[in-house]
Amino acid sequence: MTMTAEPPEAAAHDVDDDVDIVNGYELVVGLEVHVELATNTKMFSSSPNHFGDEPNTNIDPVTLGLPGALPVLNKAAVEHAIRIGLALNCKVQPSIFHRKNYFYPDLPKAYQISQYDIPMNIDGFLMLPDGKRIGIERAHMEEDTGKSTHVGGTGGRIHGSEHSLLDFNRCGVPLVEIVSRPDIRTSEQARMYVSELHDILVAIGASDAKMEEGSMRVDANVSVRKPGEPFGTRCEIKNVNSIRSVGRAIDYEMRRQIDLIEGGDTVIQQTRHWNETDGRTHTLRTKEDADDYRYFPEPDLVPIVPSADWIEEIRESIPVLPAARRAHLSTVTGQPASGEAISVVTARGQDEYVLAVAHLGGDAGRALIYVKEAFADGPDVPAADLAVLTRLEVDGRLSATQAKTVLAELVANNGGDAEAIAAAKGFEAMDSSALESVVDEAISADPAAWEKYCNGDQKAVGALVGRVMKATKGQADGKAVTAILQSRRDA
Amino acid sequence: MSEPGTARLAESDVVHVAKLARLAITADEVERYTTQLGGMLEHFADIDSLDLSSVEPMTHPLPLSNVMREDVVKPCLDRGEVLAASPASEDGRFRVPPMAGEA
Amino acid sequence: MSIPTTRSTSDFAGVIALAEQIRNGDRTAVDVVEEHLARIDAGNPELHAFNLVMADSAMAAAATIDGQIAAGNPVGVLAGVPVALKDNLCTHGVETTCSSKILQGWKPPYNATVVDRLAAAGAIGIGKTNLDEFAMGSSTENSAFGPTRNPHDPSRVPGGSSGGSAAAVAAGFAPFALGSDTGGSIRQPAALCGVVGVKPTYGTVSRYGLIAFASSLDQIGPFTHSVADAAVVLEAIGGHDPMDSTSLPRPFPSVSGVLDRGVEGLRVGRITDLPTGADDDVNGRLDAAFAALEAAGATIVDVQVPAFTFGLTAYYIVAPAEASSNLSRFDGVRYGLRVDAPSTGEMMAASRAAGFGDEVKRRIMLGTYALSAGYYDAYYGKAQRIRTLIAQDFAKAYAQVDVLMTPTAPTEAFHFGDKGDNPLSMYLCDLYTIASNLAGHPGISVPYGVGDEGLPIGVQVLAPALGEPVMFQVAAELERLASK
Ligand SMILES: [Mg+2]
Ligand SMILES: [Zn+2]
């Protein structure tokens with residue numbers, strides 16, 4: 001663990017250059033992200049929307065598709081869906097529901113209620129931290145399906161199983177499906193997109209967006225083309241369960257498609273399954289047996305026509321979004337907005353805390369680093385206490401090493417008086433002239449090392465710094481010592 | 001499939017539709033449905049000549065919108081009662097034959 | 001002038017009369033239920049109006065009502081009155097089959113809203129009535145459990161799909177029954193059985209717990225001996241239900257108060273371009289009804305509803321399309337019939353093949369086809385536009401008249417097997433009733449004498465959406481004129 005500042009971010013470059021060309025091919029990716037909404041109840045019924053309960057306990061006539069049951073729309077789900085649309089800069093429009101008809105045992109009515117040609121949110125965009133803009137085609141509402149478990153055969157796989165078991169707790173959980181335009185050109189952008197989307201969803205409270213619990217699920221439409229040519233045939237990759245897998249699956253699929261084309265084959269439009277274990281995508285089904293979903297307007301539901309007032313009310317409930325928070329934190333701390341420290345601290349929701357430290361007279365830059373390094377589990381240290389510590393360090397009264405020791409003490413005790421802790425530890429302010437004389441003593445004591453250092457052997461500096469540290473019982477700031485050595489040498 | 005409006009229905013259409021509708025049908029039924037459904041489609045030809053391009057479809061007899069409920073949990077069905085009435089269950093879940101081959 | 005009648009159903013006490021007798025202590029509910037159970041015992045084996053008779057629970061409920069009345073507690077408007085429920089209405093813990101093998105033995109874990117409302121009003125469920133499987137048919141011949149016979153002539157059908165409910169009321173098995181009407185399934189059997197049947201405005205009676213046939217057309221309504229009884233029942237079961245998103249946010253229009261207002265000054269429309277096909281005796285009864293209303297002070301106005309004639313096609317596209325989707329849930333996974341097979345896909349296909357009857361399969365096939373890729377616009381899309389056309393044409397007509405009057409059904413009750421092999425000939429039974437389902441409008445069938453073969457004939461009064469008050473006003477006058 002280091003406590004150095006982030007390296008400055010590479011200057012933002014023109015987005016058109018933001019492509020990886022592999023073997024002369026360009027990657028084209030569009031993402032479809034399903035997120036479960038953070039409601040108390042299902043999308044169309046009043047049973048709980050709750051993960052991890054005993055199987056088939058969160059069920060009601062609507063969830064089970066019992067004969068005679070009718071859906072009634074959850075207002076909170078609609079509000080979350082509108083919130084997502086607004087956060088993604090979409091146009092929120094009057095919308096209707098359709099039935100998407102297909103038989104599958106985890107789909108009790110044999111149709112999914114979904115939005116089809118008149119979705120709630122259209123034409124938005126999401127800005128990646130590096131400034132690349134990814135278009136959002138639509139963000140529509142639909143209901144989740146139940147879950148099947150495959151028994152017998154190998155490893156819970158569907159193939160070779162003896163029978164399957166169905167749990168409908170998840171069935172009817174409200175979802176929003178966010179469909180990006182095919183604007184993504186690198187697997188890194190895809191990962192950034194998912195990560196940024198995750199942070200936005202959490203920030204607005206629309207979803208807990210936990211990929212590991214399936215409350216955020218990513219499908220990637222991947223194709224390759226020679227730059228300037230029309231889009232190639234795409235494959236849809238399913239079962240991508242982590243941000244890391246998003247990158248791996250896309251990289252693998254890109255390679256696979258390029259190899260196919262280079263080998264004289266063609267890419268067949270199909271749905272493929274990402275296998276985390278073998279790191280490959282596998283055919284799930286091809287376009288030929290694609291279903292005919294027989295969409296038609298859901299007669300059991302009426303249109304959603306949100307009033308301008310209601311949309312405004314929802315807009316006002318949206319907090320400052322991660323991108324704006326990062327920008328603000330960047331201004332206050334002087335660190336790059338897309339740097340790791342700001343990303344991490346903002347994603348953890350600790351940016352307010354860093355700002356509070358700065359507001360109380362602390363040094364925002366140092367506070368950012370402290371928080372990133374030491375507060376992974378959340379700050380339990382009063383901002384005022386951290387402000388004192390940052391001041392002690394930037395005023396040169398504590399070395400970075402000493403500050404780190406005091407910080408550990410603050411964390412362990414949920415706060416405290418940094419000055420008193422430093423005093424109790426015998427940390428003294430060492431002014432620069434005192435330090436300079438200690439450095440000079442070290443040079444005299446080890447002329448051989450000094451000689452090597454002056455001749456360009458950087459490793460020799462370690463011996464000299466070590467002497468200074470020993471003489472000052474570790475209270476000297478290593479960086480300051482190195483700086484003095486450097487100025488002596490260059491003089 | 002055959003052209004809409006020609007009111008001719010091939011047996012292959014009937015086979016395809018039965019597959020979509022998850023109905024196992026016999027060769028006899030394919031023949032019978034081809035004749036009967038074809039006859040109905042022929043009867044429906046009375047609307048072929050109507051130009052309805054300027055008429056909005058009625059998806060609903062009523063001009064309702066924004067029908068929503070509050071996000072409040074209500075009691076669930078009893079799992080035991082529901083599973084007892086099901087064709088097969090196991091470990092608190094509904095049991096079905098292997099799902100391999102499901103699209 | 002006297003109107004010829006067949007075996008009179010007015011021999012049986014109606015809803016209002018029975019409720020009053022029970023409330024006043026003139027009769028006990030137990031006595032009333034016993035009387036009806038006795039008639040069921042005697043007549044139902046031949047007529048097969050019921051799939052299930054709920055004798056024990058009915059007797060228990062009657063005893064409870066009697067206890068409440070004896071204790072001087074307030075009771076509901078229908079307290080102690082038996083009701084027959086179409087077997088597509090969910091009744092908690094009581095077998096609900098839709099007259100289909102696929103649901104045989106299924107006991108719903110919940111009640112339909114109308115069932116709860118009837119119970120709250122004190123009515124006593126006495127049985128579940130037979131129907132064409134999943135309400136698909138016009139004769140109740142399509143029941144998986146055998147047909148219902150017409151009480152006026154057991155060699156003939158009672159109409160359908162709510163044939164069991166119509167027959168139950170006509171035979172005196174219950175003073176009222178509930179049915180569902182998707183294309184005429186209340187009004188047509190009411191006409192063939194000589195009772196009153198109402199399809200109310202779409203959205204005025206909750207569909208929650210009604211096993212769906214075609215969601216945008218289905219509506220629950222009553223069978224009764226009199227127009228006044230129908231009014232009381234609708235006021236008890238109707239009105240907003242938060243469990244049905246298509247339920248109108250208002251109480252059921254008050255109709256009981258308008259029944260004795262007569263028709264003086266009302267304009268009754270005769271549709272001059274109505275599709276032909278009704279038998280002469282049916283048209284004769286309709287003409288007589290127009291003449292009688294005119295004599296009673298109404299003005300008869302000729303109007304045109306050109307799109308009416310396309311209703312049949314629109315209906316036989318829309319209804320099967322929605323049905324194909326609604327009936328997809330019967331897949332052998334969670335409830336109902338399962339035929340074992342090596343895979344889930346085969347199990348579903350085999351279960352559905354074994355569980356559904358011929359007419360249901362035919363409509364699922366037709367509806368699936370009408371929604372399938374490449375055909376939606378030509379069929380479902382176009383049919384939905386015809387609905388708009390029908391509504392527009394109706395609106396023009398209602399600018400000139402208060403109600404419209406047509407035959408309910410084209411013929412008297414026909415013999416079993418008469419409509420034989422051609423499904424289309426059966427579909428023509430709904431010729432005059434489907435337009436109001438497509439438009440969402442109310443319609444009522446009132447018995448108006450008998451035809452050539454001595455069987456009941458009904459006339460249908462139609463009104464615009466929420467026009468129940470004027471519709472009932474005219475129907476009540478027709479009823480008075482019919483008994484003169
Ligand atoms: Mg999708
Ligand atoms: Zn989706």
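Numbers restart at 1 for each chain; the letters A, B, ... are given by sequence-line order, proteins then strands.
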Margin query: Please classify the contact of B:Leu62 with chain C as side chain, backbone, both or neither, using a heavy-atom distance under 4.5 Å.
Written below: side chain
Check: Considering all heavy atoms of both residues, which atom of C:Leu312 and which atom of B:His43 are nearest to each other, and what is their separation?
Finding: CD2-NE2, 4.0 Å
Notebook entry, point to check: Can you tell me how far CG of C:Asp377 sits from CG of B:Leu52, rounded to the nearest 0.5 angstrom?
Noted result: 11.5 Å
Checklist line | Min side-chain heavy-atom separation B:Pro61-C:Asn437 under 4.5 Å | finding: no
Margin query: At a heavy-atom distance under 4.5 Å, which candidate from C:Leu424, C:Leu438, C:Leu217 has the highest pair count against chain B?
Written below: C:Leu424
Next item on the list: Please flag which part of C:Tyr316 lies under 4.5 Å from any non-hydrogen atom of chain B: side chain, backbone, both or neither.
Entry: both
Notebook entry, point to check: Are the side chains of C:Tyr369 and B:Leu9 in touch, meaning some heavy atoms are under 4.5 Å apart?
Noted result: yes
Notebook entry, point to check: Looking at B:Ile47, B:Thr35, B:Val67, which has the largest count of heavy-atom pairs under 4.5 Å with chain C?
Noted result: B:Ile47
Note to self: How about CD on B:Glu11, more than 12 heavy atoms from neighbouring residues, nucleotides or ligands closer than 6.0 Å, or not?
What the structure shows: yes
Check: Which bit of B:Leu50 comes within less than 4.5 Å of chain C, counting heavy atoms only: side chain, backbone, both or neither?
Finding: both
Check: Hey, what do you get for CE (C:Met348) to CZ (B:Arg22), rounding to the nearest 0.5 Å?
Finding: 6.5 Å
Next item on the list: Calculate, to the nearest 0.5 Å, the distance between atoms OH and CZ belonging to C:Tyr335 and B:Phe94 respectively.
Entry: 9.5 Å
Margin query: Which atoms of C:Leu366 are under 4.5 Å from chain B, going by heavy atoms: the side chain, the backbone, both sets, or neither?
Written below: both
Margin query: Please identify, among B:Leu83, B:Thr59, B:Asp46, the residue contributing the most non-hydrogen atom pairs under 4.5 Å to chain C.
Written below: B:Asp46
Check: Which atom names give the shortest non-hydrogen contact between B:Pro97 and C:Ser343, and what distance separates them?
Finding: CB-C, 3.6 Å
Check: Does the pair B:Glu29 and C:Lys361 meet the rule for a salt bridge (charged side-chain N to carboxylate O under 4.0 Å, His left out), with working shown?
Finding: CA-CA 10 Å; B:Glu29 284 173 313; C:Lys361 285 188 212 172; 3.3 Å; yes
Next item on the list: Walk me through it: do C:Asp358 and B:Arg32 pass the test salt bridge (charged side-chain N to carboxylate O under 4.0 Å, His left out)?
Entry: CA-CA 11 Å; C:Asp358 195 48; B:Arg32 185 151 43 90; 2.8 Å; yes
Next item on the list: Would you mind telling me which of C:Asp331, C:Leu337, C:Leu248, C:Val318 has the largest number of heavy-atom pairs within less than 4.5 Å of chain B?
Entry: C:Leu248
Next item on the list: Name the region of C:Thr388, side chain, backbone, both or neither, that has any atom closer than 4.5 Å to a heavy atom of chain B.
Entry: both
Note to self: If we define contacts as heavy-atom pairs under 4.5 Å, which of B:Arg95, B:Arg69, B:His60 has the most with chain C?
What the structure shows: B:Arg95
Checklist line | Heavy-atom proximity to chain B below 4.5 Å, by part of C:Ser351 | finding: neither
Note to self: Counting only non-hydrogen atoms closer than 4.5 Å, does C:Leu327 touch chain B with its backbone (N, CA, C, O), its side chain (CB onward), both, or neither?
What the structure shows: neither
Check: Looking at C:Pro342, C:Pro242, C:Ser324, which has the largest count of heavy-atom pairs under 4.5 Å with chain B?
Finding: C:Pro342
Check: Is it the backbone or the side chain of B:Leu77 that comes under 4.5 Å from a heavy atom of chain C, or both, or neither?
Finding: side chain
Checklist line | Residue pair B:Leu23 / C:Ala353: nearest heavy atoms and the distance that separates them | finding: CD2-N, 4.1 Å
Item checked: Proximity breakdown for B:Tyr33 and chain C, heavy-atom pairs closer than 4.5 Å -> side chain
Next item on the list: Flag the one option from C:Lys382, C:Met347, C:Lys107 with the top tally of heavy-atom pairs under 4.5 Å to chain B.
Entry: C:Lys382
Next item on the list: Pick one of side chain, backbone, both or neither for C:Ala341, based on which atoms fall under 4.5 Å of a heavy atom in chain B.
Entry: backbone
Checklist line | CD/B:Glu81: more than 12 non-hydrogen atoms of other groups inside 6.0 Å | finding: yes
Notebook entry, point to check: chain B: which of C:Ser245, C:Gly440, C:Ser216 shares the most heavy-atom pairs with it under 4.5 Å?
Noted result: C:Ser245
Check: Checking C:Ser247 against chain B: side chain, backbone, both or neither under 4.5 Å from a heavy atom?
Finding: backbone
Check: Below 4.5 Å, heavy atoms only, C-beta onward: do C:Arg334 and B:Ser86 meet side chain to side chain?
Finding: no
Checklist line | Intermediate values then yes/no, side chain to side chain contact (heavy atoms under 4.5 Å, CB included), C:Arg362 and B:Gln36 | finding: CA-CA 8 Å; C:Arg362 188 158 42 237; B:Gln36 290 178 338; 2.6 Å; yes
Note to self: For C:Tyr380, which atoms come within 4.5 Å of any heavy atom of chain B: side chain, backbone, both, or neither?
What the structure shows: neither
